[in-house]
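The structure appears right after this line, and notes come after that.
In the text below, chain A, chain B and the rest are named by the order of the sequence lines, each starting its count at 1.
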There are 2 protein chains.
Amino acid sequence: MIISLIGWKGGISKTTSAICLATLLARQGKTLLIDSDPNRSASLWARKGKLPFTTCTDNEAARELMSGGYQHTVIDTPARPGPDDVVAIARGADLLILPTTPDPLALSALVQLTQELPEGANYRCLVTISPPSPQTDGAEAIQALKRHGLPVFERAIRRRKEYIHAANEGRTVRGIAWHDWEAVWRELNDGKVG
Amino acid sequence: MIISLIGWKGGISKTTSAICLATLLARQGKTLLIDSDPNRSASLWARKGKLPFTTCTDNEAARELMSGGYQHTVIDTPARPGPDDVVAIARGADLLILPTTPDPLALSALVQLTQELPEGANYRCLVTISPPSPQTDGAEAIQALKRHGLPVFERAIRRRKEYIHAANEGRTVRGIAWHDWEAVWRELNDGKVG
């Protein structure tokens with residue numbers, strides 16, 4: 001299973017999503033996270049060696065994959081891919097996840113990005129950095145995406161300080177923040193990811 | 001076996017070298033050429049499906065490698081990699097080949113690039129687009145690189161129209177041009193490539 005995270009804007013939780021999805025997949029089998037983003041944020045998060053999967057840059061991915069034995073790969077792609085890259089990224093993955101924050105600019109960039117995807121691409125939008133209740137930005141964003149006819153996770157990923165702590169400490173996400181990812185995982189397993 | 005082509009300048013025959021090296025390796029086992037150069041020149045060369053190896057972009061490489069069975073990989077890396085990329089590219093390959101044309105600017109860029117390589121990197125310089133006899137630019141460039149203490153192929157790759165024809169027709173290189181690559185192959189097999 002290859003999951004690619006893709007987005008036009010920065011700051012939409014692309015790397016955090018890659019880390020959390022790789023953590024989920026690693027429970028099922030040997031997992032590689034390929035850090036293709038020139039920011040190298042995923043590599044920074046992974047540097048302490050505490051994550052339950054291997055992380056390497058795109059430059060080292062061939063060696064890692066040829067060493068064999070990987071069942072799952074998560075790819076953190078560079079922000080703002082060109083149209084040809086979008087098509088190739090879609091071809092190179094079993095599932096694309098398109099994170100977006102629940103603000104109009106990010107949602108608009110997301111809708112544009114979906115228009116670049118090749119026909120038949122298997123993708124799902126994921127609302128991230130959703131502000132805490134009683135604010136309803138996350139739920140409204142999900143409804144807006146549905147009105148556009150886009151496939152979207154029912155669960156929004158909430159804004160939590162835990163992500164900053166986890167990244168600083170180089171570990172997986174815990175607590176209430178992690179509950180959101182367990183919910184995402186259940187939606188994936190109810191759907192196309194088997 | 002993973003061979004990466006790396007260079008700071010454009011126009012040094014990096015892609016042509018990747019195509020020819022993949023052709024040589026494909027005689028030994030299933031070979032993948034990963035086109036990581038945003039120019040996508042290798043993909044263009046390969047588009048007619050006449051080459052004896054598979055070519056894909058970096059975006060599709062994980063899927064291709066996870067499908068399994070590749071014995072050899074050649075990576076055509078983007079020109080002008082940053083210092084961190086040079087180190088990661090070196091880590092990700094068994095052998096780096098650094099093509100250079102025999103002119104002072106290209107040679108100077110090459111020497112600079114070798115200074116960015118991590119200690120112990122397995123690399124060899126390759127003089128390309130060497131003008132025809134009686135011009136001695138190729139031989140002089142090889143001597144200059146040796147004086148710098150750099151490992152370099154004894155054979156320079158000569159400038160030939162055949163490369164243009166082969167690229168246009170999407171096929172492997174033939175004739176006298178190909179003799180140079182057979183010589184490079186012999187040097188590789190006399191050395192570290194087994």
message = Heavy-atom cut-off 4.5 Å, strictly under: side chain, backbone, both or neither for L32(B) against chain A?
response = neither
Transitive ILVMFWY side-chain link L126(B) to L24(B), under 4.5 Å = yes
key: Connected via hydrophobic side-chain network under 4.5 Å: I129(B) and W45(B)   = no
Which atoms of Q71(B) approach chain A - backbone, side chain, both or neither, heavy atom under 4.5 Å = backbone
ask   = Is any side-chain heavy atom of R91(B) less than 4.5 Å from a side-chain heavy atom of N59(A)?
value = no
note = Turns out that what part of I89(A) lies under 4.5 Å from chain B's heavy atoms comes down to both
inquiry  = If hydrophobic clusters are built from ILVMFWY residues whose side chains come within less than 4.5 Å, do I97(B) and I2(B) share one?
reply    = no
query = Would a hydrophobic clustering, with Ile, Leu, Val, Met, Phe, Trp and Tyr connected at side-chain separations under 4.5 Å, put I6(A) with I34(A)?
reply = no
key: Minimum heavy-atom distance D85(A)-R40(B), with the two atoms named   = OD1-NH2, 3.1 Å
inquiry  = Can you tell me which of G69(B), A88(B), A93(B) forms the most heavy-atom pairs within a distance under 4.5 Å of chain A?
reply    = A88(B)
remark   = Minimal heavy-atom distance between M66(B) and H72(A), with the atoms involved, is CE-N, 3.9 Å
task = Identify which of G82(A), A62(A), G68(A) forms the greatest number of heavy-atom pairs closer than 4.5 Å to chain B.
result = A62(A)
inquiry  = When you group the ILVMFWY residues by side-chain heavy-atom contacts below 4.5 Å and let the links chain together, are I142(B) and I12(B) in the same group?
reply    = no
query = So which of D94(A), T57(A), D84(A) has the largest heavy-atom pair count under 4.5 angstrom toward chain B?
reply = D94(A)
